[in-house]
Amino acid sequence: MREGARRRITARIVETEAYLPEIDSASHAYGRMTARNRSMFLRRGHAYVYLIYGAYYCLNVTSESADVGAAVLVRAAEPLEGIQLMSRRRGTVRLNDLLRGPGRLAAALGIDWRQDGIDLCSPGSALRLATGTVPKSIGKSVRIGLSREVDRVLRFYERGSPFVSGPRKLNR
DNA sequence: AAGAAGATTCGCT
DNA sequence: GCGAATCTTCTTA
């Protein structure tokens, strides 16, 4: 859920990827804490935002206790409320393309560095998590776009959802 | 101080 | 399907 001055955006998360503590060399938190990854070490439920390819922000939710570097990348979501605003930000009216992919999702929600490190579980946060409809069937696959740790099955998605990203082959 | 790589997306063929 | 765009971060190739 994203609440701005104008209006509210609500989206239902349909695809995520996990990045494990300590042993996952594909994780931004691998090795040691740095300027970029420091919010990955916040207690579970906080935002870790990073910029990829100098062009797209990506939103993660931290997933472990304080001082442990781990997070879940939010890769795709189903648009529920605020579709007009998301369409304007994304430059498309195609519902399936508004939130499909981590860069697109962040753009549609207006996410940037101002959200890095915020508490996503606080009722007062302009960006926050809420309970919603649980997927009927959850599929899993390897993670997308990595050059390391390519065999770990840590991507999870709602089976059959048209709002999920990735190649068809991974979405069975 | 400089260079390489990157949890992506878009447009063109 | 493939390559470019674009810039921050980390490493020192």
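So you know, we letter chains A, B, ... as the sequences are listed, proteins then strands, and number each from 1. All values below come from the heavy atoms of this structure, side chains included, with hydrogens, waters and symmetry mates left out.
Here the C1' atom of nucleotide B:dT8 and the CG atom of A:L146 are 12 Å apart, to the nearest Å. In this structure, A:Y57 atom OH and B:dA7 atom P are separated by 17 Å, rounded to whole Å. The separation between A:R152 atom CZ and B:dA7 atom C1' is 14 Å, rounded to whole Å. Spacing between atom CD of A:E15 and atom P of B:dA7 amounts to 16 Å, rounded to whole angstrom units. Between the CG atom of A:L99 and the P atom of B:dT9 there is a distance of 11 Å, rounded to whole Å.
An aromatic stacking contact between A:Y50 and the base of B:dA7 is absent, as defined here by ring centres under 5.5 Å apart and ring planes under 30° from parallel.
Between A:S147 and the phosphate of B:dG6, there is a side-chain N or O to OP1/OP2 separation shorter than 4.0 Å. Look at A:R148 and you won't find any side-chain N or O under 4.0 angstrom from OP1 or OP2 of B:dG6.
Counting only N and O atoms by type, the side chains of A:E15 and A:S165 include a donor and acceptor under 3.5 Å apart. When only modelled atom types and interatomic distance are considered, A:R44 and A:S63 share no side-chain donor-acceptor pair under 3.5 Å. Side-chain contact, A:D116 with A:S39: a donor N or O sits under 3.5 Å from an acceptor N or O.
Within the 3.5 Å criterion, the main-chain N or O of A:L80 finds no donor-acceptor partner in the side chain of A:T10.
On the P atoms, B:dA4 is 16 Å away from C:dA4, given to the nearest whole Å.
Within a 6.0 Å sphere centred on CZ of A:R159, heavy atoms belonging to other residues, nucleotides or ligands number more than 12.
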Encoded 5' to 3' (Watson-Crick or G-U under 3.5 Å; [ ] crossing; | other strand), DNA chain B becomes ||||||.|||||.
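Contacts of A:R155 with the nucleic acid, taken as non-hydrogen atoms under 4.0 Å apart, are absent. Residue contacts shown for A:R32 are limited to sugar-phosphate atoms, with no base heavy atom under 4.0 Å away.
In this structure the side chain of A:L170 reaches within 4.5 angstrom of the side chain of A:R155, judged on heavy atoms.
Look at A:E158 and A:R12 and you find a salt bridge, because one of the NZ, NE, NH1 or NH2 atoms lies within 4.0 Å of a carboxylate O, short of that distance. Ion pairing between A:E81 and A:R7 fails under the 4.0 Å rule for side-chain N and carboxylate O.
Between A:V72 and A:R104, it is A:V72 whose nearest contact on DNA chain B lies nearer the 5' terminus. Comparing A:R90 and A:Y48 against DNA chain B, the residue whose closest nucleotide sits nearer the 5' end is A:Y48.
Between A:Y50 and A:H28, the ring centre distance stays below 6.0 Å.
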Taking protein heavy atoms under 4.0 Å as touching, what does nucleotides 1-9 of chain C look like 5' to 3' if B marks base contact, S marks sugar-phosphate-only contact and - marks none?
-----BBSS
